Protein chains: 2
Amino acid sequence: MFVTYGMEAVLTRKEQIEKTATALFKSKGYAATSMRDLANALGIEAASIYSHIRSKEEILQRVCFKMADEFFDALDAAESMESTATVRLQRAIAAHVQVLTQNTEASAVFLHEWRHLSEPLHSNFLALRDKYEARFREIIHEGIQRGEFTVPDEKFAVLTILSALNWIHTWYKPEGKMTPTEIAENLSEMLLNGLRS
Amino acid sequence: MFVTYGMEAVLTRKEQIEKTATALFKSKGYAATSMRDLANALGIEAASIYSHIRSKEEILQRVCFKMADEFFDALDAAESMESTATVRLQRAIAAHVQVLTQNTEASAVFLHEWRHLSEPLHSNFLALRDKYEARFREIIHEGIQRGEFTVPDEKFAVLTILSALNWIHTWYKPEGKMTPTEIAENLSEMLLNGLRS
DNA sequence: TAAATTTGCTAACGAACGTTAGGTTGTGTA
DNA sequence: TACACAACCTAACGTTCGTTAGCAAATTTA
C-alpha cells in the first residue's frame with residue numbers, strides 16, 4: 001500500500017483525493033466545488049471517488065480536524081519550555097506561522113470552510129478553536145500580570161493577533177522573499193513593538 | 001415609492017431583498033445560499049424575487065461594489081486633512097473600522113464572497129481592492145521616510161494591519177462593551193505601539 | 001495459482017438549483 | 001373610471017448536484 005521511491009513518499013489514493021480536494025476548496029470554496037470538479041481534477045469519474053470516501057463532507061471533516069491537530073501539536077511544542085510571556089508568545093506565533101505556511105491550502109480550508117460542517121462536527125470544531133484561542137489568551141493574561149504587556153482587553157488582543165496571522169495563507173508562497181521564520185519574526189516584532197520607531 | 005414614517009426610512013422592496021440576502025450570504029456563504037432560501041427568509045416564492053432583480057449574482061455585485069464605495073469614501077474623508085503619517089494612519093484605521101462596524105453583514109460579504117463574482121466583475125473588484133491597499137501603503141511609505149515608522153516591508157505591514165482590522169466583523173456587536181471608536185483606538189494603539197508596556 | 005483488495009467504469013436515482021413564462025391581484029395615478 | 005404598475009403567484013424548464021448500484025479490470029496478498 002505504501003511505497004517509497006528514494007526520498008519521495010507516495011500518497012495513498014485517498015490522500016491524493018484529499019489533497020486535490022483541499023486545493024479546490026481553497027480556490028473555489030467547499031460549496032462551489034462539485035464532486036465532478038474534483039473528479040475532473042483527478043482525471044476520473046465522480047462516482048469513482050466513492051470507492052475511497054464516504055461523502056464529500058468526510059473530506060472537509062478530515063482536513064479541518066487534521067489541521068486542528070497540527071495547530072495544537074505545534075502550540076504544545078512551543079509551550080513546552082518555560083519562559084517569559086513575551087518569549088512564549090513569540091514561540092506560539094512562530095509555531096502558528098509554521099503550520100500556516102507549511103500547508104497554505106489546508107490552512108485556508110481550516111480557516112474558512114469549517115462552517116460547512118454539519119452538526120455535531122460544527123460544534124466540535126468551534127469548541128476546539130475556542131480552546132486554541134484560550135491558550136493564547138492565557139499567555140497574554142500572564143504577560144499582563146507580569147507587567148510585560150499593556151493591553152486594554154485580553155480577548156480583543158488575542159483575536160487581533162490571530163487575525164493578523166491568519167491572513168498569511170492568502171499571499172504566502174514558498175518561493176517568496178521571506179522565509180516562514182522571517183515572517184514570524186516580523187509579525188512578532190510588529191505585534192509586540194508596533195510600527196513606531 | 002419612498003415613504004418616511006417619523007425617523008424610520010422605509011426600504012424599497014429591492015433594498016429589502018438585498019439586505020436579507022446579505023445576511024444570508026454572511027451566515028451561510030453565497031454559494032450555499034439558494035434563491036429558495038432567500039425567498040423563504042422574505043416570506044415569498046423564489047420566482048417572485050425576479051420581479052425585482054435580474055439574477056442572484058446581481059445582488060452579490062451590488063453589495064460588493066457598494067461596500068467598496070463606502071470604504072473609499074471613508075478613506076477619502078480620513079485623508080482630507082494633512083497631518084503626520086501616524087495621525088493619518090490612525091484616521092484611516094478609524095474610518096475603516098467605522099465602515100466595518102456600521103454594516104457587519106455587508107462587510108463580511110465584501111471581504112469573503114467577492115470571489116464568486118464572474119468576470120469581468122471579479123477582476124474589477126480585485127483592482128479596486130489593490131487601489132485601496134495602495135492608499136494604506138502610501139501612508140506607511142511616508143511614515144517610514146519621515147522616520148515615524150520602522151517596518152521591514154511596506155506591503156507586509158499593510159496586509160498585517162488590514163487583516164487585523166478585517167476580523168472585527170466576526171465578533172463585533174453594536175450592544176457590545178466597546179464602541180467602534182474605542183475599537184479603532186485600541187487597534188491603533190496595538191498596531192502602532194504593540195503589546196509591550 | 002487462487003483469493004482478496006484496490007481502483008475504476010457506466011448508468012441512473014431523486015433532489016435541488018437558477019431562472020423563465022404567463023397570469024392574478026391590489027394600489028396609486030391620469 | 002380606466003390604466004399602469006408593483007408585487008407576487010403557480011407551473012415548469014433544463015441543468016447540476018451528491019450519491020448508489022452493479023460490474024470489470026488490475027494489482028496485491030496468501
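What you are looking at is a predicted structure, and each value in this text was computed from that prediction instead of being measured. Throughout, a chain's letter reflects where its sequence line sits, starting with A, and its residues are numbered from 1.
Straight-line distance from the CD1 atom of B:Ile17 to the P atom of C:dT19: 13 Å, rounded to whole Å. Following rounding to the nearest Å, B:Leu38 (CG) and C:dG18 (P) show an atom-to-atom distance of 10 Å. When rounded to the nearest whole Å, the span between CD1 of A:Ile44 and P of C:dT6 equals 15 Å. As a whole-Å value, the separation of B:Met35 CE from D:dG14 P is 20 Å. To the nearest angstrom, C1' of C:dG18 lies 15 Å from CD of B:Glu45. For the pair B:Tyr50 OH and D:dA12 C1', the interatomic distance rounds to 15 Å; values are reported in whole Å. Rounding to whole angstrom units, CD1 of residue A:Ile53 and P of C:dG8 are separated by 13 Å. Following rounding to the nearest Å, A:Leu42 (CG) and C:dC9 (C1') show an atom-to-atom distance of 15 Å.
To the nearest 0.5 Å, the span separating CD1 on B:Ile183 from CD on B:Glu185 amounts to 10.5 Å. The OH atom of B:Tyr132 sits 5.0 Å away from the NE2 atom of B:His96 when rounded to the nearest 0.5 Å. Here CG of A:Leu192 is found 12.5 Å from CG of B:Asn193. Values are rounded to the nearest 0.5 Å.
Proximity of B:Ser34 to the phosphate of C:dA16: no side-chain N or O atom is located under 4.0 Å from OP1 or OP2. Using a 4.0 Å cut-off, some side-chain N or O of A:His52 falls inside it from OP1 or OP2 of C:dT7. Look at B:Ser48 and you won't find any side-chain N or O under 4.0 angstrom from OP1 or OP2 of D:dA7.
Listed nucleotides: C:dG8, D:dG18, C:dT19. Nearest to the side chain of A:Arg13: C:dG8. Candidate nucleotides C:dA12, C:dA11, D:dA7 were compared by shortest atom distance to the side chain of A:Arg36, and C:dA12 ranks first. Proximity note for B:Lys56 (side chain, C-beta onward) versus C:dG18, D:dT19, D:dC8: the nearest is C:dG18.
Judged by distance alone, the side chains of A:Glu148 and A:Thr86 do bring a donor and an acceptor atom under 3.5 Å apart.
A salt bridge does not link B:Arg91 to B:Glu79: none of the charged side-chain nitrogens sits closer than 4.0 Å to a carboxylate oxygen.
At a threshold of 4.0 angstrom between heavy atoms, the contacts of B:Ser51 include nucleobase atoms, whether or not backbone atoms are also involved.
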